[in-house]
Engineer: 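Below is the structure I would like to discuss, written out as structure tokens.
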Amino acid sequence: MHPWVGAGPQDRRNLLDELGLETIDQLLARLPEAVRIDRLDLPPAQDETALRRAFFDIGLNNTTAARTPSFLGAGVYNHIRPAAVDAVLSRAEFFTSYTPYQPEISQGTLQALFEFQTLMTRLTGMEVSNASLYDGATALVEAALFAFRVLRTKRSRVVLAETVHPIYRSVLDAYAEPTGLEIVTVPAGPDGRLDLKALEAAVNGDTCCVAVQSPNFLGVVENLGAVSHAAHGVGALAVHVVTEALSMALLKAGGHFDFDVVCGEAQSFGVAPGYGGPHLGFFTCREKTIRQMPGRLCGETVDSEGDRAFCLTLSTREQHIRRAKATSNICTNQGLMALAATVWLEAVGGAGLRRLAQDNLSRAHELARRLVDENSGWRLAFPDSPFFNEFLIRGPVGGSEAARKAEQAGVLAGVPVIRWNERWPDGLLIAVTENNPVTDFDALIGALGSAS
Amino acid sequence: MHPWVGAGPQDRRNLLDELGLETIDQLLARLPEAVRIDRLDLPPAQDETALRRAFFDIGLNNTTAARTPSFLGAGVYNHIRPAAVDAVLSRAEFFTSYTPYQPEISQGTLQALFEFQTLMTRLTGMEVSNASLYDGATALVEAALFAFRVLRTKRSRVVLAETVHPIYRSVLDAYAEPTGLEIVTVPAGPDGRLDLKALEAAVNGDTCCVAVQSPNFLGVVENLGAVSHAAHGVGALAVHVVTEALSMALLKAGGHFDFDVVCGEAQSFGVAPGYGGPHLGFFTCREKTIRQMPGRLCGETVDSEGDRAFCLTLSTREQHIRRAKATSNICTNQGLMALAATVWLEAVGGAGLRRLAQDNLSRAHELARRLVDENSGWRLAFPDSPFFNEFLIRGPVGGSEAARKAEQAGVLAGVPVIRWNERWPDGLLIAVTENNPVTDFDALIGALGSAS
Amino acid sequence: MKHRTLRDESLFFERNPNRRQRQGILLPTFDGPSVDPDSVLPAEALMDDQPLWPDIGEMDVVTHFHRLSQLNYAVDEGLYPLGSCTMKYNPRINEAVAGLSAFNAAHPLQPDHQVQGVLQVMWELEETLKTITGMPGITLQPAAGAHGELAGILMIRKALEARGENREIVLVPDSAHGTNPATAAFAGFRAVEIPSGPDGTVDLEALDTAMDENVAAVMLTVPNTLGVFEHRIVEIAEMVHSRGGFVYMDGANLNAFVGRALPGLMGADAMHINLHKTFSTPHGGGGPGAGPVAVSEALLPFLPVPRVVKSDDGFAMLWSDENSIGSLRGFSGSFLILLRALVYMRGMGGDGLREMSETGVLYANIIRKRLEGAYHLQYDTPTMHEVVFDDSEQVKHGVHNTDIAKRLLDYGFHPPTMSFPLVVHGALMIEPTESVGPEEIRAFCEAMLAIAKEAEQTPEVVTSAPHETPVRRVDEVLAARQLKVRFEDEG
Amino acid sequence: MKHRTLRDESLFFERNPNRRQRQGILLPTFDGPSVDPDSVLPAEALMDDQPLWPDIGEMDVVTHFHRLSQLNYAVDEGLYPLGSCTMKYNPRINEAVAGLSAFNAAHPLQPDHQVQGVLQVMWELEETLKTITGMPGITLQPAAGAHGELAGILMIRKALEARGENREIVLVPDSAHGTNPATAAFAGFRAVEIPSGPDGTVDLEALDTAMDENVAAVMLTVPNTLGVFEHRIVEIAEMVHSRGGFVYMDGANLNAFVGRALPGLMGADAMHINLHKTFSTPHGGGGPGAGPVAVSEALLPFLPVPRVVKSDDGFAMLWSDENSIGSLRGFSGSFLILLRALVYMRGMGGDGLREMSETGVLYANIIRKRLEGAYHLQYDTPTMHEVVFDDSEQVKHGVHNTDIAKRLLDYGFHPPTMSFPLVVHGALMIEPTESVGPEEIRAFCEAMLAIAKEAEQTPEVVTSAPHETPVRRVDEVLAARQLKVRFEDEG
Ligand SMILES: Cc1ncc(COP(=O)(O)O)c(C=O)c1O
Ligand SMILES: Cc1ncc(COP(=O)(O)O)c(C=O)c1O
């Protein structure tokens, strides 16, 4: 019997005897003949030596930021992941346990979630945070549905900035029809920022929310105050979507501009890029709307001796209690990623987080300056718009071609944005983090120079 | 202040205030001027990103069995190291704790040691085992000193088989003079086995022990019964040294031949080659001589409520109690490696261990057969002598040259033995483990063929 | 039983409460010029420079989480018999492979030729899942089971649309998991419950009545949440299909029959597969999971994008496809979870996977047999991989299922799932972890029997449990009444 | 204080006691022909095919050790104030680097050109240690501190031999660690004790008398085991040297002054450095460690082989050297420990290393200040990195240092070192872990003060401690009297 199966062949024999049976087949007698098979046509079990070799070899077919200078961002960032964070995550007490439904032997997970919620509210300037959602894109979807529920009217119009991550927008599109939402997209101006005039025109009495991303997909910092003003002007909710969560250490998030929801992706906080997942959706809102919030929530309480304790709470919002009337169908969430973010944020520290954001700002602006100064032909797509650690550049060739050439020079140069929107300049979106030393800058500048 | 220092600059200030001091220097006032410095001339601290890059790059300058077919053995073997073993060893409860002097909060380490001792006695066929020594070479030294103590006479002659690992022999040499031992080496016969006639001649009334390795350095299985007979014939102790501990699953160790000590190296049991350390010295002997045993020992006892418990015992043999009269000066030992071996041996299992040894035997004999059959020019140095998973081959060129050529063909072909002994055939010592798939065989045969 | 002192662990925010300057991680330093935020960012957008929380040293961070971890039970501690949740052993080799930077540093927007290894893994996983389900199409995108349900239901919706139909109802048995009706509602359908018959399976007559031309799909769990196999599944599927509906199969219980039966033969049109249940990826204290969906021929055109395709030049990501329902999340899936599952499947091989399922069923039946005298069994239909008892015997002594659960904690076991499925009042839903040896199953049964005895003889010991946990019984009602969901500094 | 139920964990040998066929690890399979042992090995050499112990599944192995681990205290749980042992935080980055197969798969008999990375690490570590000690030569070979002592004393022996001298005595202060006299004896010398003076340092007059032409070396610990700096170290070294002896310095306490003083300036001829103390490599529940030795000009010719040398072609291993004392172990050192230490040193930088030492001294002084009223301090000489109290105040109430230690366990702290150094009767030797925040130091002091109060008011609570540990007070006397050092099957 396979070592991952606890009982050997003699054990099986004994247990069958105890049941008064001859064969396992007798236990499976209820399976109709028509659906049965005897065995799977799969290769035999591979031992660990073989597995390690095989996957190491498969991995050789990937070129990644681990060994190649990379400026890829666009919603997934290559930030530090300290060894101490990995060490905590590899504690079996955390990674092999289930959702903490039994609080008495889950205080570790619960307290960590409570700390996660606190960290997220402080970062976003909001009052309450849930314990995670699948990812940033689904967090945006949940925000739109949340707005619909909160308003309790039949307002179904979601006004969406064009500068929201195009993948998030397409995800929202996929959910829109079945959930009965109507999506209206507001274009960006030539400065890469949401066109506020167009926004004023788009919102109306049928609008349930206005959603804006800042820094937006093009790296540009939006005018959040104006957006919430426009949304609230028509009685709609204002939703701030964040894809680079580190930005909130330096740039006020929606909570400071009277937004009703700040949500998005917190992969930046200690979660591996991992070709797109698992990542960490987050969702924060106002206390008064907490009962409409999707996802799990951890609360403080006491035990029977009056000592502080934590447990999941307000589960009457959730599918396992409320079934068809739940605020969302989410069950398994991204618990371990929320833990990763908690460890990461606490290890980086409050002052450290600000320093790190400041570091990213400095690097990105220095690289932008050098790209312009040293590479005749390459320039910022939005030279007058503020940015944090990501910016769009244009040059003598298109983004895709530049990226291809840079790859030959050993640099993952950035994300060509043309694939999503013909209206956007055909450039490269460049993200810079603390993991890009100056030698990466030199490599990029050299590569783009030769791609000119 | 550095993050590995718990107190920040303000904390330091506060604590100094509490002590009524102005500066740290005041705390260090007792340091004489003449010995002081202000700072170390070392590079500034490197962050983790920098460290990872730097050591990854340094590692690129190593070629190892991890990515290259390897037949290197000679006392250090490339056996499986299952992920589950690593996972256990990375539990902070094990790897960040001290020697279990406080048994009440060290039962985890203690019970594991008790299990280690049990496993080692079963493997060696001996009665008692200590909780580890530095490595196989020092275990041999300790065995000789142990024999000297056990006999309580002034017998100082250590009769050593020439086929004991040459590095072990040189280590014993280094200790011999200061400890007052006299080393007499008995040569091997042309079959690669200890010359029993010469042994008879070498032992005498001044002999405290006879030490033999089996399988010996050349891979050949020795006649253990004859050795213990010879030793006991003159009232000396018989010491069996083992460098490939896996062999004991298939080949009776000294315990089955009335030996007084079975000791050596257990790196094979889940410990990384690691360029030579940390490895795992082990030492087993008879119950009647336990008080002369070097190193720590874990024993079973009860707690104040009568429940089974474990603690370190017979510490009156050790330096911290007995000081100059201790059986050895060893203090820190190889605790975590003993744990690795325990996890490894239990995971591999009793029947599994036998299967694994059988597997090694099959592979080694098949490779030997193919080398001889397919590579005209290469042959076994000792064609009529029994071997387990390691054997010496001779060919048209010397071992060193063959290894050099094989390296160019991408194979770490084996250890050239000529460097230690001009008397031995100038060949290659080839070790085969379960981590050598048949493709490795093909590579070696190809490489040696072209080296002919 | 042993026990051990654990230090009270304050909240992170209570550490270094005076916010003294400390440092938790040595951050990379930038040699270039530092940019003043004021000079490049609008003043009104800037946070002030007050740290949002304290800084503590690296060791204090590590001890904080070490101590917190000590308060948790986990699969590595032993049997975790949560029904429906399928707590499997998480092989360490999965983690080792997922730790390779060649995989975890891959960026989802890299061009295909740079990530052929990633795509190969996804492709092979799809092929393996096709073999296991006997179904022709797979999407790896969903982030968990519930998300997979949504993907399946949306594909069904789209298929109906393509047929020009506008059906409004999804039928869901009363024993179904909460995500089933919640998903149906989320996808814009009305969830209508159908009752279970006396043997715990779907009441065929009720289904017959309910299954009309307004029904888009029936959602069935096989085996169902009572651990009972829907033995008339083929007839049911035929009935549903013949009336123009689709069969959604909740595959959370696939672990009961891997290698012994094929959902494809049962007539499933869509079925999610919880890789974090059947295929051993860790639960992570609540997630992440992955919920690939297998689909029938009929739903193939509607599979989400992006998805991996294979051609002569290697593998490629298909980012759009005419009839696809689109993308239900960012990027193409929780890749590092998918990777772990593939390592597991390869590590098990076909026979290993079958042996695992068989052992789950065997253990569940042994538990049933051993506890049957002491705990009441509402449905005595043959048990597959899990068995649902109830507390009716114990209620006579004032002991409820929650009390039994809490008392088990004192015995060092994680309790079964409580109060689900809803069709069993006071349910105790037991699903054994198949990777433990029979000794552990025995120990669990002994603990359960001891508690049954206590319930009779000293019920107050049970009702006041747990006694030996880091915190005593937690007041969940208070938590909901006096909501406190974040830490607030005193000052 | 919280506490938590832990399952009793049987011995591995008691699991699957009937030795039913199971499998713990899927072993690699060999496609070639299987060889019958009887056909290739002598019959009398063969084991019978009875397994030597049981086989259990992989999960059972993992749970076994998981549960065992729960019974241990560890640095990651908090302050570990073991005097002399120097329990430091073990940075996780060390482990990450040591996990690279480029290092851990290297074989010690590979030719130098294949392992230039390994040799570079060793070379750089030697250079760093030279800077830290101010001494011109290093051997990385010793496996631990005691092994380093032996290397040092053997070099001294050889140096004397080279001079044609045959000195027989090594002087060791009465406060020295047990390994010092044990090493001297091991190396064939007679260890002679010299008393401490009233301030805890070496009695200079006694030394003056003892230090004759038969004395090979004086072994000094700086600061000594009382945490007191030998402030006349330079004079002592001069005296010893002027009479033809050598100064061996026990560097186990080097962590008290890294970056603030140099042993090279103190006149040391040889000093071992416990990388597992001063340089953060984990203690591993008893080992492994590494004990490199720094030597003065006078001992350079005698350094052990093999050792790394640098040339224009890169690094090389020197396997023999005319005057070398030879090899004291297999191969060239515990390389993976050396590697961790270098990662730590680079991660700390020169300033970080100094700050760490300073903080250790600061914490020790704070602890001294806070506990001074409650516990008796035999030597009130200024404290460096550790402070030694004794139990004389508590003995008045029948409470001994062991009782205090055991009671601390109930408070969730590891106790200080007990009954060492021998010059203090009933010693409690406290050395703080420098990486904890001041809050942890405070909590420890509060626990110590609470126990001092208990000793006065409710001494029986202390003398019957521990109360909240996985096992209660362990009978160490019985263990030695009724020796049971391996498990024996019943049958
Ligand atoms: C029967 C059943 N269906 C669906 C789900 C939902 O799966 P997930 O938690 O992965 O979203 C679960 C999980 O508990 C389940 O047990
Ligand atoms: C002062 C002193 N010297 C020597 C040693 C011996 O070092 P090791 O345990 O590494 O052999 C120790 C270790 O406890 C010590 O504290």
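Each chain gets a letter, A, B and so on, in the order the sequences are listed, and its residues count up from 1.
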Engineer: Counting only heavy atoms closer than 4.5 Å, note whether C:V234 contacts chain A via side chain, backbone, both or neither.
Structural biologist: side chain

Engineer: Are side-chain N/O atoms of C:Q114 and A:E407 paired as donor and acceptor at under 3.5 Å?
Structural biologist: yes

Engineer: In terms of heavy-atom proximity below 4.5 Å to chain A, should C:F12 be classed as side chain, backbone, both, or neither?
Structural biologist: both

Engineer: Quick check on C:V61 against chain A: is it the side chain, the backbone, both or neither that has a heavy atom closer than 4.5 Å?
Structural biologist: side chain

Engineer: I'd like to verify something: which residue of C:H107, C:M384, C:E95 has the highest number of heavy-atom pairs under 4.5 Å with chain A?
Structural biologist: C:H107

Engineer: So, are A:K252 and C:E44 salt-bridged, with charged N and O less than 4.0 Å apart?
Structural biologist: no

Engineer: Give, as side chain, backbone, both or neither, the part of A:V343 having an atom under 4.5 angstrom from any heavy atom of chain C.
Structural biologist: both

Engineer: Are side-chain heavy atoms of A:T332 and C:P288 found at a separation under 4.5 Å?
Structural biologist: no

Engineer: Side chain, backbone, both or neither: which part of C:E358 has an atom under 4.5 Å from a heavy atom of chain A?
Structural biologist: both

Engineer: Against chain A, label C:T381 side chain, backbone, both or neither, depending on which of its atoms sit under 4.5 Å from a heavy atom there.
Structural biologist: side chain

Engineer: Would the C:H147 and A:Y134 ring centres measure less than 6.0 Å apart?
Structural biologist: yes

Engineer: Can you tell me which portion of C:Y89 sits under 4.5 Å from chain A's heavy atoms? Options are side chain, backbone, both or neither.
Structural biologist: side chain

Engineer: Checking heavy atoms, do the side chain of C:L262, its backbone, both or neither come under 4.5 Å from chain A?
Structural biologist: both

Engineer: So, A:S304 and C:R472: side-chain donor and acceptor under 3.5 Å apart, yes or no?
Structural biologist: no

Engineer: Is a donor from one side chain sitting under 3.5 angstrom from an acceptor on the other, for C:N72 and A:T109?
Structural biologist: yes

Engineer: Which bit of C:P304 is near chain A, if near means a heavy-atom gap under 4.5 Å: side chain, backbone, both or neither?
Structural biologist: neither

Engineer: Counting only heavy atoms closer than 4.5 Å, note whether C:R19 contacts chain A via side chain, backbone, both or neither.
Structural biologist: side chain

Engineer: State plainly whether the residues A:E104 and C:K406 are in salt-bridge range, i.e. N to O under 4.0 Å.
Structural biologist: yes

Engineer: Given a strict heavy-atom distance threshold of 4.5 Å, which part of C:P466 is in contact with chain A: side chain, backbone, both, or neither?
Structural biologist: side chain

Engineer: Charged N to carboxylate O below 4.0 Å: is that the case for A:R354 and C:D49?
Structural biologist: no

Engineer: At a heavy-atom separation under 4.5 Å, does C:I366 approach chain A through its side chain, its backbone, both, or neither?
Structural biologist: both

Engineer: Is C:A191 close to chain A through its backbone or its side chain, or both, or neither, when contacts mean heavy atoms under 4.5 Å?
Structural biologist: side chain

Engineer: Kindly indicate, with the supporting measurements, whether the criterion salt bridge (Lys or Arg N to Asp or Glu O under 4.0 Å) is fulfilled by C:D351 and A:R39.
Structural biologist: CA-CA 7 Å; C:D351 293 340; A:R39 58 180 306 278; 3.8 Å; yes

Engineer: Any idea which of C:A185, C:S464, C:A144, C:P28 has the most non-hydrogen atom pairs under 4.5 angstrom with chain A?
Structural biologist: C:P28

Engineer: Would C:R346 and A:F55 count as a cation-pi pair here, with the cationic atom under 6.0 angstrom from the ring centre and within 45° of the axis?
Structural biologist: yes

Engineer: Specify the closest pair of heavy atoms between C:S34 and A:S362, including all atoms of both residues, with the distance to one decimal.
Structural biologist: CA-OG, 3.4 Å

Engineer: Are A:P273 and C:N104 side-chain neighbours, meaning at least one heavy-atom pair lies under 4.5 Å?
Structural biologist: no

Engineer: Which bit of C:M87 is near chain A, if near means a heavy-atom gap under 4.5 Å: side chain, backbone, both or neither?
Structural biologist: side chain

Engineer: Below 4.5 Å from any heavy atom of chain A, which atoms of C:I325 appear? Answer side chain, backbone, both or neither.
Structural biologist: backbone

